[in-house]
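Take a look at the structure set out below.
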Amino acid sequence: MSEERSLNFIEQIVEEDLANGSTGGRVLTRFPPEPNGYLHIGHAKSIVLNFGLAQKYNGATNLRFDDTNPVTEDTEYVDSIREDIKWLGFTWEKELYASDYFEQLYEFAVKLIKKGLAYVEDATAEEIAAMKGTPTTPGVNSPCRSRSVEENLDLFERMRKGEFKDGEKTLRAKIDMASPNMHMRDPLMYRIKHAHHHRTGDKWCIYPMYDFAHGQSDSIENITHSICTLEFIPHRPLYDWFIKELDIYPSHQYEFARLNLNYTVMSKRKLKQLVEEKHVAGWDDPRMPTISGLRRRGYTAASIRNLCERVGVQKRDNVIEYSLLEFCIREELNKTANRAMAVLDPVKLVITNYPEGQVEELEAENNPEDPNSGSRKLPFSNTLYIEREDFMENPPKKYFRLGPGMMVRLKNAYIIKGEGVEKDADGNITTIYATYLPESKSGGDSSGLTVKGTIHWVSAAHAVAAEVRLYDRLFTVENPGAEEGDFKSFINKDSLQVIENAYVEPGLLQAKPGDRFQFMRKGYFSVDPDSTPGKPVFNRTVTLKDAWAKESAKAAK
RNA sequence: UGCCUGAUAGUAUAACGGUAGUACGACAGACUCUGACUCUGUUUGUCUUGGUUCGAAUCCAGGUCAGGCAACCA
C-alpha cells in the first residue's frame, strides 16, 4: 500500500523550506507551554505536531517553558508538563526556560532604546488603554514617546534596580499608534512586578511581556518553525518587527487551529475553576480533558496521538466529536486488552441441578483478537452472580437473554435455562433459579443446541469485590463555553457513578494500577491508583458499542 | 463599521485547473460462545453571485456568514 497521506499545510511549508534551503536544511521546533496549569488534549495536538514534524524531517524539538509571568506560574506545573510529554512518547532536545534569557532580553531592550525604538512610559494601565484608541479609531502618541535615549536608558536601568513600584513604569516599543493592527500600537515590552519567580527568585522585578520574549527566545534557539495557534496571527507582524530591528536569527511563526472537543471545556482558566471549586477531584480527574485525566481514565498515549493525527492540521475552527476519541481507544484496546468477567449490578443465580460444593476450572480465552494472549482458568460453581439486566420476567421481543423458560449460554461455561425467581417483600428479585445442560460445556458442546444470547458471570464464592467508577461526559451540552451564562451550570451531575460492590473474576485481584481490561459486554476499564491490595478500583474508560441499548431505547418510544 | 483568518456530508479531513474521495457518526443487513469485533450496503456535501477557462471546490471580483484583534495574560 503506497497510499501516502497528503501533507498538511505546515508540512508543505517545511518541505518547501527544506527544498530551497531557507532554513539551512534544518527543522527545529519548540513546544512552549506556560507553566500555569496542566496540559490538556489541545496541547497534545500541538505536541504531536511539533515533535512529529521534527521526527519526520530529522529535526529536533525543544521544550521551552514560557515563564515570563511569575505570579501565575509554579514548579508543580513544570513537573506535570514534563511528565505528560514523556508519557505521550516524546523526547525533547533541550529543556529551556524563557527566564534563562532574561539577561539577554534586557540587553535586547537596551539595544532598541538606543536605536530610538523603545521608550519608558509613565502612564497607568488605564491611561495607556485610553491612548491606544480602538480598532476603528487610531490611538494617540504618549507624551513619553519623545523622551531622549539617555533618559530612557537611565529610567529603564532604574526600573530594573527596583526604584519603582509595580505599574509605575513600563517599557514600550515605538512603532505606530495609528496602525490598524492594535498589537503594533506601541506594545508593552516590560512591566514591573515585584514578585517571586519560581526559577529566578527575586533577581528580577521587571519581566518581559509575551511579545518581547517569545519570538526572541525562538530566535536565540534558532527555531526554524515556530508553530502556534490562530489567535497569535495578529502578533506575527510584531514578532517579525522585533526580529528585524534586533537583527537576530529570523525564526518564523506559523499558525494552526487549536483542537476543540465537544462536551468539554478546554480553556486553562475554566479547567482551573473546575479543580479549584471542586467540581472534579483534581487536574487528573478521569473526566477532565487533561492529559493526566485521560491517562487516569485509561486512555493510552497511542490513542491520543492517533486522534491528533486523524484530526489533521489546518486553519479553520473545528470541534472534534468525542466519539472519534472513543473510537481511537476502542480500536486499540480491542486488540490489546485482555478480556475479563465483571458483574457490575449483581443478582444471585443458583443452578439447581449442579452439584452443590462442586467447583470446576473452566478455560477462558484472554483475547480472541490476539492469538498470543493465551488463556486462563475460571472457577465455576452452582451459585453465580450475573448482571441484573440480563434477566427479565416478562422480556420483550428480541431479548436474547435469560427469562423464565429461556435459554442462554454462560460465557465459557454451560447453557442454562431460567426456571424461577425468589423476591423480597418489595418485589425485587433476590435469586434466580436455573438448570444447566451438562453436555453443553464450552469447548465440548454435544447438546446440539444453539442459543442466541451469551452472558457473563462470576462464581459467587470465588468472586472478588471491587469498586467500579463509571464516567460519563462532564457537560450536558456540546459547547459549554459558548452557552449563555455560567458554563458550570451545564455540568453533568451524573458524570460519575460509583459502584461500591461489583464482583470481578478472581484473577483481577492481582491487577496493578494502569492495567487495562475489557469487561466483557460492559466496556474497557483500567485500574485506578486508588486500588488497595484487597479491593481493586476500576475506571471505565469507555463503554462498548451497545446495539441492544439502541434497540430497547427505540422500543421504549 | 477598521484590520486579520477562515468557509467541502452531522463531525473532521482530502482533492493544489481535469471522475468530489476517506474516516468517525447515523441507518440497514450478514456473522458472532461479547447485542463487542469483523464484513456488506445506504444516506447526506463544495456559503453565495458574477467572471476567467474547453473545463472551477480549486484562479479573479463582489457579497454573506463565522472566528480573532483594543490584558502591565500567554
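A note on names: the letters A, B, ... follow the listed sequences, proteins ahead of strands, and every chain is numbered from 1.
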Between [atom2] of [N] and [atom1] of [X], the distance in whole Å:
| X | N | atom1 | atom2 | value |
| --- | --- | --- | --- | --- |
| Met392(A) | G35(B) | CE | P | 16 Å |
| Leu362(A) | C33(B) | CG | P | 17 Å |
| Leu544(A) | A36(B) | CG | P | 8 Å |
| Leu324(A) | A12(B) | CG | C1' | 7 Å |
| Ile320(A) | G10(B) | CD1 | C1' | 13 Å |
| Asp390(A) | A36(B) | CG | C1' | 14 Å |
| Arg401(A) | A36(B) | CZ | C1' | 12 Å |
| Asn367(A) | A36(B) | CG | C1' | 11 Å |

Where the side chain of [X] is defined as all heavy atoms beyond and including C-beta, which of [options] is the nearest nucleotide?
| X | options | value |
| --- | --- | --- |
| Lys315(A) | U5(B), G2(B), A36(B) | U5(B) |
| Arg521(A) | U32(B), G35(B), U1(B) | G35(B) |
| Gln314(A) | A12(B), U13(B), A26(B) | U13(B) |

Separation of the [atom1] atoms in [N] and [M], to the nearest angstrom:
| N | M | atom1 | answer |
| --- | --- | --- | --- |
| C65(B) | U48(B) | P | 15 Å |
| U1(B) | C16(B) | P | 42 Å |
| U42(B) | A14(B) | C1' | 22 Å |
| G10(B) | U44(B) | C1' | 8 Å |
| U58(B) | G18(B) | P | 12 Å |
| G17(B) | A56(B) | P | 14 Å |
| U8(B) | A66(B) | C1' | 16 Å |
| C37(B) | C4(B) | P | 49 Å |

Please confirm whether the shortest side-chain N or O distance from Lys545(A) to OP1 or OP2 of C37(B) is below 4.0 Å.
yes

side-chain hydrogen bond (donor to acceptor under 3.5 Å, both in side chains) between Asn50(A) and Ser46(A), worked out
CA-CA 6 Å; Asn50(A) 277 294; Ser46(A) 174; 3.3 Å; yes

Given the side-chain rings of [X] and [Y], with only the six-membered ring counted for Trp, is the space between their centroids under 6.0 Å?
| X | Y | result |
| --- | --- | --- |
| Phe400(A) | Trp548(A) | no |
| His214(A) | Phe232(A) | no |
| Tyr190(A) | Phe156(A) | yes |
| Phe65(A) | Tyr97(A) | yes |

For residues Arg521(A) and Thr454(A), is any side-chain donor paired with an opposing acceptor at under 3.5 Å?
no

Between Phe519(A) and Phe525(A), how do the two ring planes meet: parallel, tilted or perpendicular, split at 30° and 60°?
parallel

Parallel, tilted or perpendicular: which one describes the rings of Trp204(A) and Tyr106(A), with boundaries at 30° and 60°?
tilted

Look at all strands and tell whether [X] reaches a base, only sugar-phosphate, or nothing, counting heavy atoms closer than 4.0 Å.
| X | value |
| --- | --- |
| Arg185(A) | nothing |
| Asn8(A) | nothing |
| Lys398(A) | base |
| Glu121(A) | nothing |
| Val451(A) | nothing |
| Arg310(A) | sugar-phosphate |
| Gly523(A) | nothing |
| Arg236(A) | nothing |
| Lys441(A) | base |
| Pro138(A) | nothing |
| Lys411(A) | base |
| Tyr399(A) | base |

Does the structure show a Watson-Crick or G-U wobble partner for [N], both distances under 3.5 Å? Name it, or say none.
| N | answer |
| --- | --- |
| U43(B) | none |
| G50(B) | C60(B) |
| C24(B) | G10(B) |
| C69(B) | G2(B) |
| A15(B) | none |

Honestly, is Arg473(A) close enough over Tyr322(A), meaning NZ or CZ under 6.0 Å from the six-membered ring centre and within 45° of the axis?
no

Between Phe327(A) and Arg409(A), who's closer to the 5' end of RNA chain B by nearest nucleotide?
Phe327(A)

Hey, which sits more toward the 5' end of RNA chain B by its nearest nucleotide, Val313(A) or Thr136(A)?
Thr136(A)

Lys268(A) atom NZ, neighbour heavy-atom count above 12 within 6.0 Å:
yes

Mark up nucleotides 67-74 of chain B, 5' to 3', with B wherever a protein heavy atom is under 4.0 angstrom from a base atom, S wherever such an atom reaches only the sugar-phosphate, and - elsewhere.
S-SB-BSB

side-chain hydrogen bond (donor to acceptor under 3.5 Å, both in side chains) against Glu255(A), all qualifying residues, sequence neighbours excluded
Arg236(A), Gln253(A)

Any N/O donor-acceptor pair, [X] side-chain to [N] base, under 3.5 Å:
| X | N | result |
| --- | --- | --- |
| Glu321(A) | G10(B) | yes |
| Arg316(A) | U5(B) | no |
| Gln518(A) | U34(B) | yes |

